Amino acid sequence: MEVVNASLNNWAALASLGFAALLCGCFEGAWIQGQPCEADADCAPPVSLGGGMSLRCEGGYCGGTPSCSEAEDCRQALGITHTCANNRCVPAELSQRCSRSYPEDLFEHPERYRDAVIFGTLLDLQASDVSDEYLVNSATLAVSQYQGSKLAGPEVAIVHCNYQDGGGIDNLSESDAAAEGARFLVDTLGATAIIGPGTSQLATHVFETICGAGVESSADCARDVVMISPSATSVSLTTIDGEVKTDERPGLFWRTVANDSLMTDAIAHDLQRRGVDRYFILAQRDSYGLGIEEALREQLSGATSYLFSDADELRAQLDLVVADVSGEPGAGDVTEATYDEIVFIASETALVLEFIESAAYEGDALASLGLMFSETAAEPQLFAEASLALETLRDRIRGVRPEVPPEISYQEFTEKFSAAFPGRDATQSFYAPHTFDATWLAIYGVTWAYYQEQRVYTGTTLARGIRRLSDTSGLSFFVRETDFEYLAAQLAEGRAVNITGASGHLDYDAASEELATEVEYWTIERVDGELVFEADGAYAP
């Protein structure tokens with residue numbers, strides 16, 4: 001009788017330990033360590049006590065690392081720094097390109113964030129170029145505001161990945177680094193949303209890496225993750241996730257900028273309105289540049305195109321433009337024409353800077369030509385790095401960009417940004433508010449999934465929530481922390497809403513999931529001794 005009582009007491013103590021562990025939120029099955037077993041299944045904590053990770057049955061006793069069937073088992077039990085290999089949890093191989101996070105101790109104490117929904121950013125964080133640093137900070141600001149809301153919903157953490165070309169990190173090209181970063185975020189960390197990448201070419205490459213080339217619909221995507229780019233504008237991305245999107249099968253690629261078709265129409269309209277009949281197109285040889293170049297040539301006649309892939313080829317092509325303008329023998333078959341303008345199209349700010357510097361250096365050779373730019377040139381970074389060249393050229397410069405956002409939402413964003421990151425001014429980055437909005441879109445998707453999708457957080461459930469944000473018959477909200485409580489209450493009731501972001505109106509078409517917006521024309525003026533972008537009319541389709 002004493003033996004029986006002792007056994008009962010031991011099991012009662014054991015159950016008590018398990019229950020106590022469950023209450024403290026750290027119940028992982030470790031309490032069964034050393035118990036006799038015949039199979040791994042014998043080392044699983046009882047469901048009646050909350051369940052949990054199984055230990056392995058080794059030598060007739062429970063012990064060793066937890067068993068698993070997939071990586072998510074180990075992330076749930078031990079945090080995002082663990083994965084599943086050979087049916088047991090092992091430390092995951094981390095990436096030196098994805099070492100920054102919010103919260104900052106995410107990798108140091110992963111066990112604290114086992115239930116967090118993971119986001120990732122894919123951006124170019126070159127040490128010599130701070131522009132994408134503003135985007136990282138904008139994404140971090142959005143997540144920190146959500147975390148500070150204290151409303152119902154899962155915790156969200158964000159990991160920042162750098163696809164900088166080589167740069168002493170490794171030997172990866174920009175495209176390979178972006179693809180590797182995406183795989184790490186999704187396969188290793190279990191990310192359900194990626195903010196970025198910045199260019200259309202990389203966005204295409206990353207989406208195809210995640211989903212597999214030749215994707216015909218979101219259902220065919222190999223990994224259920226949503227991508228939201230703040231700046232990839234190629235028209236080809238419109239259907240990369242399917243021709244038509246629905247609530248049942250929402251698209252997995254989104255963006256917080258309008259696609260290039262609107263920008264192209266605005267450029268063509270402006271050239272016609274100003275009577276520009278003969279012009280050169282200098283376009284980067286990627287999906288962004290080629291898309292606009294082809295569309296312009298379809299809409300207008302009188303263009304001579306020069307394509308380039310890098311800075312060296314750009315300078316060589318600009319020499320050909322100079323030769324054509326000057327009428328040098330052998331320059332081409334267009335030397336007798338009178339040209340009025342160069343339309344410069346590039347997806348990389350560095351190439352915009354290179355062109356501006358080179359055009360200023362040419363001096364009188366190009367003095368008769370106007371200079372038209374796409375939205376990539378509307379970066380305040382130009383004023384810091386090419387001010388002398390801009391001063392020389394500014395009377396001839398004109399460009400297009402998405403509409404300027406409403407002052408109330410944009411101003412609040414910039415003020416919150418400066419408070420969170422002292423010494424940094426979000427107005428110095430054109431795409432900072434777009435990144436802030438992109439991250440909040442993912443957060444709204446998580447909020448929708450929390451209330452309406454049985455707390456299942458996948459790219460599809462998040463995208464289904466994002467589709468609920470552009471209903472003009474719903475209540476209107478700004479993308480900002482002070483509106484989140486009321487917006488979340490609407491989503492909790494299953495109601496759609498109508499949001500306006502820090503970057504502008506976020507009015508998505510339900511069938512294409514593309515933004516409808518206006519385009520603003522800009523020039524460069526000197527105001528109070530400083531160069532600034534000045535609005536000069538707008539284009540609305």
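Since this is a predicted model, take the numbers as computed values, not measurements.
Scanning both residues, A179 and V206, for their nearest heavy atoms gives N-CG2, 4.4 Å. Between L94 and F184 the shortest heavy-atom distance is CA-CE1, 3.8 Å. When all heavy atoms are compared, the tightest approach of R401 to A378 is CD-CB, 3.9 Å. Residue W522 comes nearest to S374 through the heavy atom pair CZ2-O, 4.2 Å, listed as atom of the first residue, atom of the second, then distance. Closest approach of E518 to A538, counting heavy atoms only: OE1-CB, 4.2 Å. The minimum heavy-atom distance between P230 and V257, with the atom names listed, is O-CG1, 3.1 Å.
Side-chain contact check for F373 versus R398: every heavy-atom pair is 4.5 Å or farther apart. Residues D437 and H434 have side chains not in contact (no heavy-atom distance under 4.5 Å, counting atoms from C-beta outward). Residues S175 and L202 have side chains in contact (heavy-atom distance under 4.5 Å, counting atoms from C-beta outward). At least one side-chain heavy atom of C161 sits less than 4.5 Å from a side-chain heavy atom of L185. With contacts defined as side-chain heavy-atom distances shorter than 4.5 Å, the pair L271/R274 qualifies. Taking the side chain as every heavy atom from C-beta outward, K416 and E481 approach each other to under 4.5 Å. Under the 4.5 Å side-chain criterion, counting only non-hydrogen atoms from C-beta, N498 is not in contact with F477. Contact check for V479 versus L506: side-chain heavy atoms found under the 4.5 Å cut-off.
Residue pairs that meet the ring pair (Phe, Tyr, Trp, His ring centres under 6.0 Å) test with at least one member in residues 100-123, sequence neighbours left out, do not exist here. For residues 221-237, every residue pair satisfying the side chain to side chain donor-acceptor pair (under 3.5 Å) rule, not counting sequence neighbours, is listed here: D187-R223, D224-T458, D224-T460, T233-D260, T233-E375, S234-S236. Each ring pair (Phe, Tyr, Trp, His ring centres under 6.0 Å) pair with one or both residues in residues 224-265, not counting sequence neighbours, appears once here: W254-Y508.
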Could you go step by step and tell me if Q147 and S149 meet the side-chain hydrogen bond (donor to acceptor under 3.5 Å, both in side chains) rule? CA-CA 5 Å; Q147 295 292 71; S149 70; over 6 Å; no

Could you walk me through whether V225 and I210 satisfy the side chain to side chain contact (heavy atoms under 4.5 Å, CB included) test, starting with their C-alpha distance in whole Å, then the side-chain angles of each, then the deciding distance to 0.1 Å, before giving a yes or no? CA-CA 8 Å; V225 57; I210 291 173; 3.3 Å; yes

As a quick check of understanding, evaluate side chain to side chain contact (heavy atoms under 4.5 Å, CB included) for I228 and I466, giving each step before the final call. CA-CA 11 Å; I228 312 174; I466 296 172; 3.9 Å; yes

Could you give me the CA-CA distance, side-chain angles and deciding distance for Q164 and I169, then say whether side chain to side chain contact (heavy atoms under 4.5 Å, CB included) is met? CA-CA 8 Å; Q164 174 187 350; I169 301 174; 3.9 Å; yes

For side-chain hydrogen bond (donor to acceptor under 3.5 Å, both in side chains), just list the numbers for T140 and N137, CA-CA rounded to whole Å, side-chain angles, deciding distance to a tenth of an Å, and then say yes or no. CA-CA 5 Å; T140 297; N137 291 344; 5.3 Å; no

Candidate pair Q381 and Q428, rule side-chain hydrogen bond (donor to acceptor under 3.5 Å, both in side chains), full reasoning: CA-CA 6 Å; Q381 180 185 351; Q428 297 306 302; over 6 Å; no

Test disulfide bond (SG atoms under 2.5 Å apart) on C221 and C211; report intermediate values, then the result. CA-CA 4 Å; C221 191; C211 288; 1.8 Å; yes

Check the pair D247 / R468 against salt bridge (Lys or Arg N to Asp or Glu O under 4.0 Å), numbers first and verdict last. CA-CA 9 Å; D247 287 342; R468 301 304 195 280; 3.4 Å; yes

Kindly indicate, with the supporting measurements, whether the criterion side chain to side chain contact (heavy atoms under 4.5 Å, CB included) is fulfilled by V527 and E534. CA-CA 9 Å; V527 177; E534 193 77 13; 4.2 Å; yes

Show the numbers, then the answer: is there a side-chain hydrogen bond (donor to acceptor under 3.5 Å, both in side chains) between T517 and E403? CA-CA 7 Å; T517 185; E403 65 173 332; 2.9 Å; yes

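For the pair D471 (side chain) and A496 (backbone), a donor-acceptor distance under 3.5 Å is absent. Checking side-chain atoms of R455 against main-chain N and O of A449 turns up no donor-acceptor pair under 3.5 Å. S138 contributes no side-chain N or O that, together with a main-chain N or O of P433, makes up a donor-acceptor pair within less than 3.5 Å. Judged by distance alone, with hydrogens and angles left aside, the side-chain atoms of T376 form a donor-acceptor pair with the main-chain N or O of A346 at under 3.5 Å. When atom types are taken as modelled, the side chain of Y457 and the backbone of A191 share no donor-acceptor pair closer than 3.5 angstrom. Checking side-chain atoms of R75 against main-chain N and O of T188 turns up a donor-acceptor pair under 3.5 Å. When atom types are taken as modelled, the side chain of D73 and the backbone of E70 share a donor-acceptor pair closer than 3.5 angstrom. Between the side chain of D105 and the backbone N or O of E108, no donor-acceptor pair lies under 3.5 Å. A distance-only check finds no donor-acceptor pair linking the side chain of S99 to the backbone of S95 [under 3.5 Å]. A distance-only check finds a donor-acceptor pair linking the side chain of R114 to the backbone of A77 [under 3.5 Å].
For the atom pair CZ of F533 and CZ of F430, the computed distance is 9.0 Å after rounding to the nearest 0.5 Å. Atoms CD1 and CD1, on I195 and I158 in that order, are 6.0 Å from each other to the nearest 0.5 Å. Interatomic distance, OH of Y410 versus OG1 of T414, reported as 6.0 Å (0.5 Å rounding). With rounding to the nearest 0.5 Å, the separation of CG in L296 from CE in M263 is 13.0 Å. Between atom NE2 of residue H160 and atom CG of residue D132 there is a gap of 12.0 Å, rounded to the nearest 0.5 Å. Atoms CG and CG, from L172 and D165 in turn, are 9.0 Å apart once rounded to the nearest 0.5 Å.
With F413 as the partner, the ring-ring contact (aromatic ring centres under 6.0 Å, His included) test is satisfied by one option alone out of F436, Y134, F478: F436. Of the listed residues (R255, E243, E513), just one forms a side-chain hydrogen bond (donor to acceptor under 3.5 Å, both in side chains) with T238, and that residue is R255.
Taken together, the cysteine pair C68 and C89 keeps its SG atoms at least 2.5 Å away from each other.
Ring centroid separation for the pair Y444 and W440 comes in under the 6.0 Å cut-off.
Counting only N and O atoms by type, the side chains of Q284 and S347 include a donor and acceptor under 3.5 Å apart. Inspection of the Q299 and D265 side chains reveals an N or O donor paired with an N or O acceptor under 3.5 Å. In this structure, a donor-acceptor pair under 3.5 Å is present between the side chains of E525 and T523.
Contact check on E133 versus R100 returns a salt bridge, with a Lys/Arg side-chain nitrogen under 4.0 Å from an Asp/Glu carboxylate oxygen. Checked for salt-bridge contact, E294 and R297 miss the test: no charged N lies under 4.0 Å from a carboxylate O.
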